[in-house]
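These notes concern the structure reproduced below.
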Amino acid sequence: MSHGSHQQRLNESLSALMDGEANELEIQRLLKESDANGASDGELGHRWSRYQLAASVMRGEKVAPVDMGLAASISAAIADEPSLESAQQASANDAGNGVASSRWWRPLSRGAVAATVAFAAILGVQQMQAPQVQGDLVAEVEAPQPQPVTTSPQPSRFLTPTLNTRAVSTAPQLVPEQRVGPAPQVQVVPTPELMRHLNRVMVEHSEQAARIGSQGMVPHARATYGERPSE
Amino acid sequence: MTMAKLIFLTLRKANSSLLAFLLFASPLAFAQGSAPADNQEIPQDARDATASEATRVLLARLAQAVANLEYRGLVTFEHVGSMETLEVVHGIRDGEQVERIRYLTGSPREKVTRSGDDQCRPSGSVFPRSGLLSAAGLQNVQSNYAFLIRGEERVADREAIVLEARPRDLHRFGMVISVDKETGLPLKSMLIAPAGRVLERFQFVELDLTPVTDDELKPQTPSTEPTTGAEAAKCANVESRWRLGWAPSGFKPVAVQALSDGQMLVFSDGLSTFTVFVQQLPEMNYKGRAVRGATVAYMDHIDVNGARYTVTVVGEIPDNTAQLVAKAVTEAN
């Protein structure tokens with residue numbers, strides 16, 4: 001096999017991949033080639049970039065020079081969730097309909113990941129704005145931490161908050177009444193007496209709610225949540 | 001070769017425009033897809049008779065299961081950005097419910113509760129122990145929430161019916177409860193704020209319905225003392241010193257209890273509950289709210305005959321409602 005025809009076959013595979021029509025063999029070939037040449041340095045990488053750019057222009061998207069670091073981090077995020085795509089890719093080989101569906105899903109999921117990243121960035125900025133602290137009881141401001149972004153399947157039409165895996169304090173969080181305009185809500189660390197009071201009333205309330213009994217174990221879980229571990 | 005390339009290009013262009021169209025069209029398609037679900041509310045009256053009968057049966061089964069079944073299981077409990085896992089055991093001993101809950105994540109917390117039967121009800125309350133067990137309680141719940149059966153799902157390897165309680169006003173949160181088909185036990189429950197925001201999710205991962213042994217109801221952490229109804233017992237004949245000038249519709253007083261430094265009054269609409277604490281707490285001048293998970297506490301104070309009382313309204317209710325309730329506390333002459 002001459003070098004020329006090998007390159008040509010690669011280009012055809014790349015075109016097919018662009019259109020979501022690459023078969024398993026072609027993808028394997030492309031991956032192997034890109035591994036051999038180093039991800040974005042080789043001829044294949046450049047060609048892939050050009051194809052993407054051309055596709056973007058045709059879609060009427062605004063195009064800016066891509067920061068390869070950012071692109072790498074986004075593609076890493078995409079790599080974490082390949083199941084849907086690859087499942088559809090597989091079905092694409094079987095049925096004509098599958099080909100079409102795999103094609104629309106790709107840009108959607110990619111856009112979703114990018115949007116999530118952007119959203120996290122905005123959130124981080126908002127939280128970092130120095131909050132105006134008021135009230136006599138304010139001792140110190142807890143530095144807010146940007147929420148880590150997770151991708152989890154969510155039930156349709158309910159917005160589940162993103163999950164946080166870091167250890168979270170079980171203490172109630174105070175929100176003083178005087179709030180400053182639309183500024184982010186301020187977390188303050190109040191006096192120990194106030195925290196004890198709040199914890200006590202929340203636990204007592206949950207125990208009462210458990211007695212009413214229509215919610216099963218949930219109020220018990222809430223009451224136990226604030227239980228102080230033995231000191 | 002050039003010809004082939006041209007065809008390639010046109011094909012790709014066709015693909016791209018198709019794609020662009022689909023991108024535009026798909027949100028519309030989704031919107032249309034979800035529209036019929038919302039429109040179901042319009043001919044609600046027509047379907048009400050059968051739908052409400054079905055939910056009535058489901059709610060009654062749920063109330064029975066919650067009070068009478070013995071089970072143990074593993075549960076995930078999530079709220080606003082955090083998730084914990086816990087072990088729950090529910091047994092019946094001498095006609096009383098005994099619950100043991102132990103957190104498997106975070107700081108070790110465990111609680112054993114023995115809830116005696118309805119000590120703290122003011123006489124004439126419409127609520128028995130479970131608001132859903134009586135016809136009156138059920139009717140009250142249905143006047144505060146619209147119930148919709150949203151379909152089926154599988155939770156903890158069991159088939160469940162998904163029931164949504166949609167609040168009829170802004171003073172309470174909605175709930176989505178997945179009820180076990182076989183037993184009526186809630187396998188998953190979510191607390192829903194307006195715009196579909198999930199505040200809290202409690203969900204079984206594993207459920208075992210075989211009878212619970214005495215050992216399983218004993219605390220595993222040595223220092224855990226069972227919480228008995230002992231403190232609650234003295235509330236039986238407490239007259240409330242306070243009353244609410246205003247309460248959101250449907251919330252009725254279900255309990256009054258004396259505290260060492262004041263009183264607490266419990267209100268429920270059959271699903272949601274809030275508690276009003278009126279206490280003499282020196283040096284407690286904080287005014288504002290605090291949140292933990294789905295629970296909000298709003299603090300304020302009132303002055304009666306020169307004495308200052310701290311008012312704290314605690315519940316799984318919207319912030320504004322808690323604030324309104326706190327401001328409505330007055331002395332019951």
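Just so you know, these numbers use all the heavy atoms, side chains as well, and skip hydrogens, waters and symmetry mates.
Heavy atoms closer than 4.5 Å to chain A are found nowhere in B:Leu185, neither backbone nor side chain. Residue contact with chain A, scored on non-hydrogen atoms closer than 4.5 Å, involves the side chain of B:Val266 exclusively. Using a 4.5 Å cut-off between heavy atoms, B:Val162 makes no contact with chain A at all. For chain A, the nearby part of B:Leu281 is the side chain; its heavy atoms alone come within less than 4.5 Å. For B:Phe204, no part lies under 4.5 angstrom from a heavy atom of chain A. Contacts between B:Glu316 and chain A at a heavy-atom distance below 4.5 Å involve backbone atoms as well as side-chain atoms.
A donor-acceptor pair shorter than 3.5 Å cannot be found between the side chains of B:Thr295 and A:His205. Side-chain atoms of B:Gln257 and A:Glu204 include no donor-acceptor pair closer than 3.5 Å.
In plain terms, the two heavy atoms of B:Ser189 and A:Val218 that are nearest each other are OG-CG2, 3.4 Å. Across B:Leu86 and A:Ala221, no two heavy atoms sit closer than the pair CD1-CB, 4.3 Å.
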Check step by step if side-chain contact (heavy atoms from CB on, under 4.5 Å) holds for A:Val203 and B:Lys111.
CA-CA 11 Å; A:Val203 170; B:Lys111 210 176 172 97; 3.7 Å; yes
Would B:Leu259 and A:Arg200 satisfy side-chain contact (heavy atoms from CB on, under 4.5 Å), going step by step from the backbone distance to the final call?
CA-CA 12 Å; B:Leu259 303 165; A:Arg200 175 186 162 203; 3.9 Å; yes
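A heavy-atom distance below 4.5 Å is not found between the side chains of B:His90 and A:His220. In this structure the side chain of B:Gln279 reaches within 4.5 angstrom of the side chain of A:Val201, judged on heavy atoms. The side-chain heavy atoms of B:Val291 and A:Met202, taken from C-beta on, include no pair separated by under 4.5 Å. Using a 4.5 Å heavy-atom cutoff, the side chains of A:Leu198 and B:Met299 are in contact. Residues B:Tyr71 and A:Met217 are in side-chain contact: their nearest non-hydrogen atoms beyond the backbone lie under 4.5 Å apart.
A:Tyr225 carries B:Arg109 over the face of its six-membered ring, with the cationic atom under 6.0 Å from the centre and within 45° of the normal.
Interatomic distance, OG1 of A:Thr191 versus CE of B:Met284, reported as 6.0 Å (0.5 Å rounding).
Checked against the 6.0 Å centroid threshold, B:Tyr286 and A:His197 do not count as a close aromatic pair.
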